[in-house]
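A quick write-up on the structure given underneath.
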Protein chains: 2
Amino acid sequence: MSAHETAGDIVTAGMIVIGDEILSGRTKDQNIGYIAEHCTTIGIQLREVRVVADVEAEIVEAVNMLRVRNTYVFTTGGIGPTHDDITADSIAAAFGVPIDIDPRAMAIMTPYYAERGLEFTDARKRMARIPEGAELIANAVSNAPGFMLDNVIVMAGIPKVMHMMLDDVTPRLKTGKKMLSVTIPLHQPESEISALLGAAQETWPDVSMGSYPFFEHGKYGTQLVLRATDKARLADAETAVKGELESRGWLEG
Amino acid sequence: MSAHETAGDIVTAGMIVIGDEILSGRTKDQNIGYIAEHCTTIGIQLREVRVVADVEAEIVEAVNMLRVRNTYVFTTGGIGPTHDDITADSIAAAFGVPIDIDPRAMAIMTPYYAERGLEFTDARKRMARIPEGAELIANAVSNAPGFMLDNVIVMAGIPKVMHMMLDDVTPRLKTGKKMLSVTIPLHQPESEISALLGAAQETWPDVSMGSYPFFEHGKYGTQLVLRATDKARLADAETAVKGELESRGWLEG
């Protein structure tokens with residue numbers, strides 16, 4: 001599939017986390033889980049994530065790989081004012097378009113610094129560099145905008161700022177059928193229920209069945225998760241699986 | 001560079017997080033940050049991370065891409081007993097080697113279940129499937145082993161289990177020069193210090209300089225981080241940068 005084409009009602013996304021600080025372990029990423037959950041909620045399937053260093057060639061490679069095979073690509077990180085913030089330039093390079101200080105960004109940022117009596121330094125103007133053809137994404141927290149170029153959505157790495165940008169861009173995104181899910185908590189370890197679950201998966205190929213072990217108070221338990229876009233099929237599968245669990249005395253409550 | 005070759009004393013790693021539950025946002029990954037920090041501590045540079053779905057072709061693609069361009073690849077997730085745990089089979093496919101129930105794994109697991117009066121079911125035996133040529137990695141928490149095949153280290157996704165496996169495998173890894181770092185906390189926003197930092201980076205090309213903004217009590221601050229493998233060069237750069245900061249009245253305490 002080429003960019004923007006999707007199979008039926010399925011809308012997919014890739015995500016790229018940009019930053020040496022994540023790879024060194026200095027900063028713990030909080031954005032993957034947030035964007036993953038947001039995508040699921042609005043009906044976009046997050047298919048793949050990459051964490052890459054602050055190296056233009058690596059950012060370009062990841063952007064160009066993911067943007068052709070997903071409806072959207074979200075990036076976080078690397079759009080600040082310092083020398084190692086190279087995301088905007090790397091996105092321009094990936095698309096082969098020019099990048100320069102953008103008058104729309106300047107119009108937003110100039111009064112912001114003026115009102116605060118702060119100098120609009122060259123470093124701050126660096127944050128107004130936007131690739132040609134991009135739409136701006138508002139930043140209600142700290143003003144400097146993100147942007148969306150074609151299907152690539154470029155956001156800040158600071159979680160609080162990223163959340164606001166994601167809220168701003170979300171209404172512009174097309175979304176697909178929502179993935180619905182049912183979770184069934186069990187006190188059995190995963191290895192006890194796997195045969196039952198494997199058989200159920202064969203019977204219900206259109207309902208994705210997963211099991212997620214947890215370890216609590218020295219004992220293993222399992223969360224069974226059934227996922228499907230068709231509500232009726234999901235309900236039927238849930239009834240069938242719960243029946244199987246009940247017949248073995250494994251269903252809680 | 002081919003697999004295992006490294007530039008001088010640099011040892012690199014890639015990481016692959018395997019699991020639909022991370023991409024759906026249902027489970028929040030805790031392993032990237034842990035492994036990143038562990039690698040930095042022992043002198044391995046984590047260069048790239050991918051999160052991929054429980055799909056064999058995608059796991060194989062990621063493994064084969066990352067294993068040839070890094071000294072090591074760490075994987076987490078997908079080695080449990082259920083039908084969607086396909087990591088071991090996917091690693092075997094990536095290397096083109098057979099996979100079967102491993103007598104060494106059986107020797108570890110059989111007494112474990114016997115002592116607990118639990119049946120060693122087919123599902124549990126699935127966790128004894130190990131690709132040919134792999135070395136086992138001990139699992140002191142829940143018994144079923146991980147493994148290391150060539151330069152690929154395959155571990156559980158449950159953080160507690162992964163930590164034990166990482167401890168077990170670490171003494172077998174070669175490590176490079178440790179990346180040393182110095183952090184300088186500042187109350188200035190990143191955009192104030194970026195010019196100073198950019199100039200310092202040009203003067204000290206072998207000392208990587210990064211700035212990480214934070215937002216606290218309604219104000220922006222910045223952590224300056226200087227990183228280098230050469231202790232003396234790092235100390236000299238620290239002195240120089242602190243001198244510049246002090247002359248502007250920006251150095252704390």
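The figures that follow rest on heavy atoms only: side chains count, while hydrogens, waters and symmetry mates do not.
Of the atoms belonging to B/S24, heavy atoms from both backbone and side chain fall under 4.5 Å from chain A. Contacts between A/I32 and chain B at a heavy-atom distance below 4.5 Å involve the side chain alone, from C-beta outward. When heavy atoms are compared at a cutoff of 4.5 Å, B/V161 approaches chain A solely by way of its side chain, counted from C-beta outward. Contacts between B/I158 and chain A at a heavy-atom distance below 4.5 Å involve the side chain alone, from C-beta outward. Only the side chain of B/D85 comes within contact range of chain A, judged by heavy atoms closer than 4.5 Å. With a 4.5 angstrom heavy-atom cutoff, B/D29 does not touch chain A via any of its atoms. Both the backbone and the side chain of B/E21 come within less than 4.5 Å of a heavy atom in chain A. If you measure heavy-atom distances from B/M209 to chain A, the contacts under 4.5 Å come from both the backbone and the side chain. Using a 4.5 Å cut-off between heavy atoms, B/V17 makes no contact with chain A at all. Interface remark: B/L23 contributes backbone and side-chain atoms alike to the contact with chain A (heavy atom separation under 4.5 Å).
Here B/K28 pairs with A/E37 in a salt bridge; the nearest charged N to carboxylate O distance falls below 4.0 Å.
Residues B/P81 and A/E190 share a closest heavy-atom pair of CD-OE1, 3.1 Å.
When A/P213, A/A53, A/A195 are compared by the number of non-hydrogen pairs under 4.5 Å with chain B, A/P213 comes out ahead. Ranking B/M179, B/E58, B/R227, B/M127 against chain A, the residue ahead of the rest is B/R227, based on heavy-atom pairs under 4.5 Å. Interface remark: of the candidates B/C39, B/G80, B/G210, B/S142, B/S142 forms the most heavy-atom pairs closer than 4.5 Å to chain A.
How far OG of B/S208 is from CG of A/D84: 7.5 Å, rounded to the nearest 0.5 Å. Atom CD1 of B/I22 is separated from atom OH of A/Y212 by 9.0 Å, given to the nearest 0.5 angstrom.
With a 4.5 Å cut-off on side-chain heavy atoms, A/M15 and B/V51 do not count as touching.
Residue-environment remark: CD (B/Q30) stays at or below the threshold of 12 foreign heavy atoms within 6.0 Å. Other residues, nucleotides and ligands place more than 12 heavy atoms under 6.0 Å from the CD atom of B/Q223.
In summary, of the residues considered (B/R124, B/R126, B/E119), a side chain to side chain donor-acceptor pair (under 3.5 Å) with A/S191 occurs for B/R124 alone.
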Would A/T183 and B/R26 count as a side-chain contact (heavy atoms from CB on, under 4.5 Å) here? Give the steps.
CA-CA 10 Å; A/T183 300; B/R26 206 194 152 277; 4.0 Å; yes
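Using modelled atom types and a 3.5 Å distance limit, the side chains of A/S211 and B/T82 yield a donor-acceptor pair.
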